[in-house]
Chemist: 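First the structure, which I've put down as structure tokens, then a few questions once you've had a look.
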There are 2 protein chains.
Amino acid sequence: MGLERRQIHVAYAYQRIAEEIESQILEGTLKPGEQLPGETEMAEMFGVTRSTVREGLRRLESEGLVCRPTPRRLVVAIPRIDRLSTRSGRTMALMKVTYRELWQVTLKTEMLAARLAAEMAKDDEIAALKSLHEELTGAEGNARRTIELDGRFHSQVARIGKNRVLGLAREPVAHLLFRGFAQIAPFVPQFYKRQIEAHSNIVGAIEARDPVRAETWARKHIEDFWRGVQIAGLEDEAAVKNVKALS
Amino acid sequence: MGLERRQIHVAYAYQRIAEEIESQILEGTLKPGEQLPGETEMAEMFGVTRSTVREGLRRLESEGLVCRPTPRRLVVAIPRIDRLSTRSGRTMALMKVTYRELWQVTLKTEMLAARLAAEMAKDDEIAALKSLHEELTGAEGNARRTIELDGRFHSQVARIGKNRVLGLAREPVAHLLFRGFAQIAPFVPQFYKRQIEAHSNIVGAIEARDPVRAETWARKHIEDFWRGVQIAGLEDEAAVKNVKALS
DNA sequence: TATGAATTAGTGTCGGACATTCACACACTG
DNA sequence: CAGTGTGTGAATGTCCGACACTAATTCATA
């Protein structure tokens, strides 16, 4: 039986400022796009110094809830997905997650993405996908470029599926996993061709609006990647050595 | 053909400070747990004022790369998963993602979580799961408590699976989706019982180390949830009305 | 009306200041 | 020696005031 540890947390002024503004954004009192008053004005609004306001604003900025298109305009914003991705990616890297962990999740997300894409695809989206695919075909042998284009290909597939939650969830994971291509390719040179072929089939299935086939090929594609991971002996290896190199 | 608009971005001092420290953390020069110099010291290290350093630090703090257990200790940290979750959750709420989007993803994550749990479970983890399940059984009829315990149940299942990436990816999504329970329960009172039954079966399958059955029950469980969503007519409804209420 | 110049106001940064309180070291007690 | 009290110093949180630079706005001009 004991004393519960409860946060006393007599929040500092700069924290309360941040929280206050945050609240108003989340409540909807402040709407995305709306412009906030100047620092000086806020300072006297909240009864603190400008320095204190600024410290609070830095936090909101970093959280993506406000942004400054130019130093003079401070507007309410919706956090950008890619920023969140970066952050998740960094965290996973710092946690030293393994290829196995990444792969298990990616297998599922990419299958889902492919299926949804086949269900939802519109012609222009397919065209965009094809053009990406062709670019990738041309990049055969170039690991760096392949990784870049592969990532964009899969992102595009996901985008076609019109599921923003999936987009949010898969992005950092897939990104980290596919980076591993660089470590695998030297062991399995035929990987380029296999990848291109799998992508072809995925595109084909999406174009044919065949969700099942799309999902199947996505599965094959990602399973194939796992084989590569195994050949390279990376299963339980941390997926990212040098976290810094992520950006 | 034109001049590309490229970010000129003559970074401000406070940004550079943040980036510099960030770099050193990501590179590994600064290791988690390590303590940083005082603000004054940093200020003269970087040749700026303390105010400027502070603004930079606020960003790092908010990113979770450093934390202050007490105002006097500033230590390098690994971003906490729950903080990331909060942020993703907020973003999804602000984006007004639908139940459909959340559900499509959750179906897959929870199936995977259940399967992995059945493969990896250790006895004490199962015990913990059972105890959670009993608590939930006792909460029948209480929506708020049910949501809380249901969330913890699913998180525990995921934790048993020993896949941190899955944990990271599913947490905010599942959290948001399951909150919908409160809107569904009034329409489908028998939901409490169905949920308890499904959880029982999941626990049973995990205990029996039967991945397939675990996955199957997880699927049934989440599919059932979708039926609830449909009955309540929420399919394409934004999953979170009042973002603020996310806590 | 559209273009350019002038004005103004606000940001980024600086330096200094002070109260509070926390970290560390030391003394004290059992 | 372990564990508890005390005291000192230092660092934080907050404040104030100031200035250069630049971007938003206003005004003048064609």
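Letters A, B, ... mirror the listed sequences (proteins, then strands); counts begin at 1.
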Chemist: Determine the contact category for A:Arg73: base if any of its heavy atoms lies under 4.0 Å from a base atom, sugar-phosphate if only primed atoms, P, OP1 or OP2 are that close, otherwise nothing.
Modeler: sugar-phosphate
Chemist: D:dG13, C:dT11, D:dC15: which one has an atom nearest the side-chain heavy atoms of A:Arg68?
Modeler: C:dT11
Chemist: Carefully, step by step, assess B:Ile222 and B:Phe178 under the rule side chain to side chain contact (heavy atoms under 4.5 Å, CB included).
Modeler: CA-CA 10 Å; B:Ile222 307 296; B:Phe178 292 149; 3.9 Å; yes
Chemist: Please indicate whether A:Arg80 has more than 12 foreign heavy atoms, meaning atoms of other residues, nucleotides or ligands, lying under 6.0 Å from its CZ.
Modeler: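 No - once you tally the heavy atoms of other residues, nucleotides and ligands closer than 6.0 Å, there are 12 at most.
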Chemist: Please figure out whether B:Glu55 or B:Gln35 has its closest DNA chain C nucleotide nearer the 5' end.
Modeler: B:Glu55
Chemist: Kindly say if B:Thr70 contacts the phosphate of C:dT21, meaning a side-chain N or O under 4.0 Å from OP1 or OP2.
Modeler: no
Chemist: Which residue lies toward the 5' end of DNA chain D, A:Pro71 or A:Ala13, if each is placed at its nearest nucleotide?
Modeler: A:Ala13
Chemist: In whole angstroms, how far is the C1' atom of D:dT14 from the CZ atom of A:Phe46?
Modeler: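 In whole Å, D:dT14 C1' and A:Phe46 CZ are 16 Å from each other.
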Chemist: Between A:Glu39 and A:Arg68, is there a side-chain N and carboxylate O pair less than 4.0 Å apart?
Modeler: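 Here A:Glu39 pairs with A:Arg68 in a salt bridge, since their nearest N and O are under 4.0 Å apart.
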Chemist: With a 3.5 Å cut-off and just heavy-atom distances, do the side chain of B:Arg50 and the base of C:dG16 make a donor-acceptor pair?
Modeler: no
Chemist: Of all the nucleotides listed (D:dC15, D:dT14, C:dT13), which has the minimum atom distance to the side chain of B:Thr49?
Modeler: C:dT13
Chemist: Any ion pair linking B:Arg58 and B:Glu61 (charged N to carboxylate O, less than 4.0 Å)?
Modeler: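 Between B:Arg58 and B:Glu61 there is a salt bridge, with a charged N closer than 4.0 Å to a carboxylate O.
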Chemist: Atom CG of A:Leu57 to atom P of C:dG12: distance rounded to whole Å?
Modeler: 9 Å
Chemist: Restricting to nitrogen or oxygen on both sides, can you table the protein-nucleotides 4-9 of chain C pairs closer than 3.5 Å?
Modeler:
{"residue": "C:dA9", "atom": "N3", "partner": "A:Arg72", "partner atom": "NH2", "Å": "2.8"}

Chemist: May I have the distance from B:Tyr12 (atom OH) to C:dG10 (atom P), rounded to whole angstrom?
Modeler: 16 Å
Chemist: Take the protein atom CZ of A:Arg54 and the nucleotide atom P of D:dG13, then report the distance between them rounded to whole Å.
Modeler: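 That distance rounds to 17 Å.
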Chemist: Looking at A:Lys162, I want to see if its NZ is surrounded by more than 12 non-hydrogen atoms of other residues, nucleotides or ligands under 6.0 Å.
Modeler: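 Counting other residues, nucleotides and ligands, NZ of A:Lys162 exceeds 12 neighbours.
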Chemist: Which whole-number value in Å describes the distance from A:Glu39 CD to D:dC19 P?
Modeler: 19 Å
Chemist: What is the distance from CD of B:Glu41 to C1' of D:dT12, rounded to the nearest Å?
Modeler: 15 Å
Chemist: Between C:dC14 and B:Thr52, is there an OP1 or OP2 to side-chain N/O distance shorter than 4.0 Å?
Modeler: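 Answer yes for this pair, as a side-chain N or O of B:Thr52 is under 4.0 Å from OP1 or OP2.
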Chemist: Taking atom C1' of C:dG12 as reference, at what distance in whole Å does atom OH of B:Tyr14 sit?
Modeler: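 Distance check: B:Tyr14 OH to C:dG12 C1' gives 8 Å.
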Chemist: Give the rounded distance in Å between these two atoms: CZ of B:Arg16 and P of C:dG12.
Modeler: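 Nearest whole value for this atom pair: 14 Å.
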Chemist: Could you check whether A:Glu20 pairs with A:Arg16 (Lys NZ or Arg NE/NH1/NH2 to Asp/Glu carboxylate O, under 4.0 Å)?
Modeler: no
Chemist: Are the charged groups of A:Arg159 and A:Glu125 less than 4.0 angstrom apart, N to O?
Modeler: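 Here A:Arg159 does not pair with A:Glu125 in a salt bridge, since their nearest N and O are not under 4.0 Å apart.
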